[in-house]
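For reference, positions follow the sequence shown, starting with 1. Every value quoted in this text rests on a predicted model; they were computed, and no experiment measured them.
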Amino acid sequence: MGRVGKFLLCVLGFMCVVGVALYADFVNFCNHSVPVFAYHRITRDKDIYSMAPETFDAQMKYLHDKGYKSISLNDFIKKREIGPDAFYKNFVITFDDGYSDNNRVALPIMKQYDFTGTVFIAIKYMAWPGYVTWQDVWSLKEGGWEIGSHTWNHIALAKAKPEELEYELKNSKDFLNNFDPEFAVNTLAYPFGSYNDDVYEALKRNGYVAAVTGIDGVNTVKTPVYQLYRVNIFNDGKDVKMFAKRLLWAQLSSWARYHGFDITKARSLF
């Protein structure tokens, strides 16, 4: 073998070693980071925010068969103090707005797999047709779910005046906790993904320990607690393979971000 051949062989060997090391690092990252899945409704409606029960069931089965275990956002915050090893194949399932089917459809499906979730309630909509009643909220709490706030009026918090911001965060939290302190509401989902530094300060001032965004990604011990990423799940008419692809994209994008690279423009590949 000539010099050129030996050189190419060395380069190939080096690339193989690097590839194996990167793959091992990525797998380790996936196993010790936490996806927070974002849903809205579990219903056969055709809009993008509604997921058919049988499709949702297949997605939960996929996570169960892959060895994932559900935790709450409060569990995530507590485990951060231990370190990434505490997060082995953990995930969080969240539902925005507070629809009654979260209790009547999603809860029984998730219970089959020993999963629990977090429901973020927009107080304004409580008891409207299709939205949670107090009975629904209590049933979710009894089922091991975490109750969170989606503000009072479902407004863009970054655009709110100081007094509006205080009202939306404090009153929505107090309204639920005053009904029953066991709800222990201290987490929030941002309506319209709207937040800024003033919102962070208001969250801290009002006793919130975590808030979730609409930005794709998964979470590590270094992810800011008021800027947690989510895996956005939509009704795109695809089977569970698309669910797996959305999870993979969130993991890839956060892994790259963790190492200082932005691969946002590669989103179209998924």
Side-chain angles (χ1 to χ4, degrees), residues 9-39 56 58-94 110 113-118 144 146 187 189 193 209-234 238-270:
L9 187 61
C10 288
V11 170
L12 179 61
F14 175 76
M15 291 177 64
C16 288
V17 170
V18 171
V20 170
L22 287 174
Y23 178 74
D25 184 68
F26 175 65
V27 171
N28 184 64
F29 178 86
C30 292
N31 287 339
H32 295 92
S33 57
V34 180
V36 178
F37 294 95
Y39 289 92
F56 181 69
Q59 293 167 351
M60 296 302 99
K61 184 178 186 301
Y62 173 87
L63 292 172
H64 179 268
D65 291 350
K66 292 292 183 180
Y68 281 93
K69 298 182 184 302
S70 68
I71 61 173
S72 69
L73 283 176
N74 272 270
D75 290 334
F76 170 75
I77 296 302
K78 293 172 184 176
K79 287 188 173 190
R80 281 166 62 102
E81 300 176 5
I82 301 173
D85 288 344
F87 289 138
Y88 186 73
K89 287 202 169 182
N90 287 161
F91 72 96
V92 181
I93 295 185
T94 65
M110 292 167 61
Y113 304 103
D114 199 27
F115 293 162
T116 56
T118 297
E146 182 177 67
T187 60
V209 300
V212 293
T213 70
I215 299 175
D216 275 320
V218 296
N219 303 284
T220 70
V221 294
K222 295 185 178 181
T223 309
V225 293
Y226 295 144
Q227 300 174 51
L228 297 178
Y229 300 113
R230 287 202 279 182
V231 184
N232 296 292
I233 306 299
F234 301 111
K238 305 293 179 63
D239 59 18
V240 75
K241 292 180 181 178
M242 181 55 71
F243 175 82
K245 286 183 178 180
R246 290 189 184 278
L247 173 57
L248 177 59
W249 165 252
Q251 292 168 327
L252 275 172
S253 60
S254 285
W255 177 65
R257 196 181 294 127
Y258 185 82
H259 290 291
F261 299 97
D262 184 358
I263 60 171
T264 304
K265 292 182 179 179
R267 181 68 179 91
S268 60
L269 299 176
F270 288 81

Would you mind listing every salt bridge (charged side-chain N to carboxylate O under 4.0 Å, His left out) that reaches into residues 22-35, with sequence neighbours excluded? none
Could you check whether any side-chain heavy atom of W249 comes within less than 4.5 Å of a side-chain heavy atom of D216, counting everything from C-beta outward? yes
Heavy-atom side-chain proximity of K222 to Y258 below 4.5 angstrom: yes
Can you find a heavy atom in the side chain of M60 that is under 4.5 Å from one in the side chain of I93? yes
Looking at side-chain heavy atoms only, is the closest gap between M110 and F56 below 4.5 Å? yes
Return the CD1 to OG1 distance between I71 and T118, rounded to the nearest 0.5 Å. 9.5 Å
Just to verify, what does F87 make a ring pair (Phe, Tyr, Trp, His ring centres under 6.0 Å) with, not counting sequence neighbours? F76
Could you state the interatomic distance from CZ (F29) to CG (L22), rounded to the nearest 0.5 Å? 13.5 Å
State which residues pass side-chain hydrogen bond (donor to acceptor under 3.5 Å, both in side chains) with N74; sequence neighbours excluded, sorted by chain then number. E146, N186
Check V218 against S33 and note the closest heavy-atom contact, atom names and distance. CG2-OG, 3.5 Å
Measure the CZ-CZ distance between F37 and R246 for me, rounded to the nearest 0.5 Å. 11.5 Å
Tell me the closest heavy-atom pair linking D85 and H32, and the distance in Å. CA-CD2, 3.7 Å
Using side-chain hydrogen bond (donor to acceptor under 3.5 Å, both in side chains) as the criterion, list what pairs up with Q59, not counting sequence neighbours. Y39
Shortest non-hydrogen contact between S70 and T116, atoms and distance: OG-N, 3.0 Å
List for me each residue that meets side chain to side chain contact (heavy atoms under 4.5 Å, CB included) alongside F26, sequence neighbours excluded, and say none if there are none. C30, L248, Q251, L252, W255
Nearest non-hydrogen partners of A38 and N232, listed with the distance: CB-OD1, 3.8 Å
From CG (N31) to OH (Y88), nearest 0.5 Å: 4.5 Å
Test side chain to side chain contact (heavy atoms under 4.5 Å, CB included) applied to I77 - qualifying residues, sequence neighbours left out: R80, V209, A210, V225
Any pair with a residue in residues 65-75 that passes salt bridge (charged side-chain N to carboxylate O under 4.0 Å, His left out), sequence neighbours left out, goes on the list, sorted by first then second residue, please. K61-D65
With sequence neighbours excluded, tell me which residues meet side-chain hydrogen bond (donor to acceptor under 3.5 Å, both in side chains) with T94. R230
Heavy atoms of A58 and V240 approach each other most closely as O-CG2, 3.7 Å
Which residues satisfy the side chain to side chain contact (heavy atoms under 4.5 Å, CB included) test with K241, sequence neighbours excluded? D239
Name the orientation class of the two ring planes belonging to F91 and F115 (parallel below 30°, tilted from 30 to 60°, perpendicular beyond 60°). perpendicular
Between L228 and L73, is there a side-chain heavy-atom distance shorter than 4.5 Å? yes
If every non-hydrogen atom of V231 is compared with every non-hydrogen atom of A250, which pair is closest and at what distance? CG2-CB, 3.6 Å
Any residue meeting side-chain hydrogen bond (donor to acceptor under 3.5 Å, both in side chains) with R257, in chain and number order, not counting sequence neighbours: S254
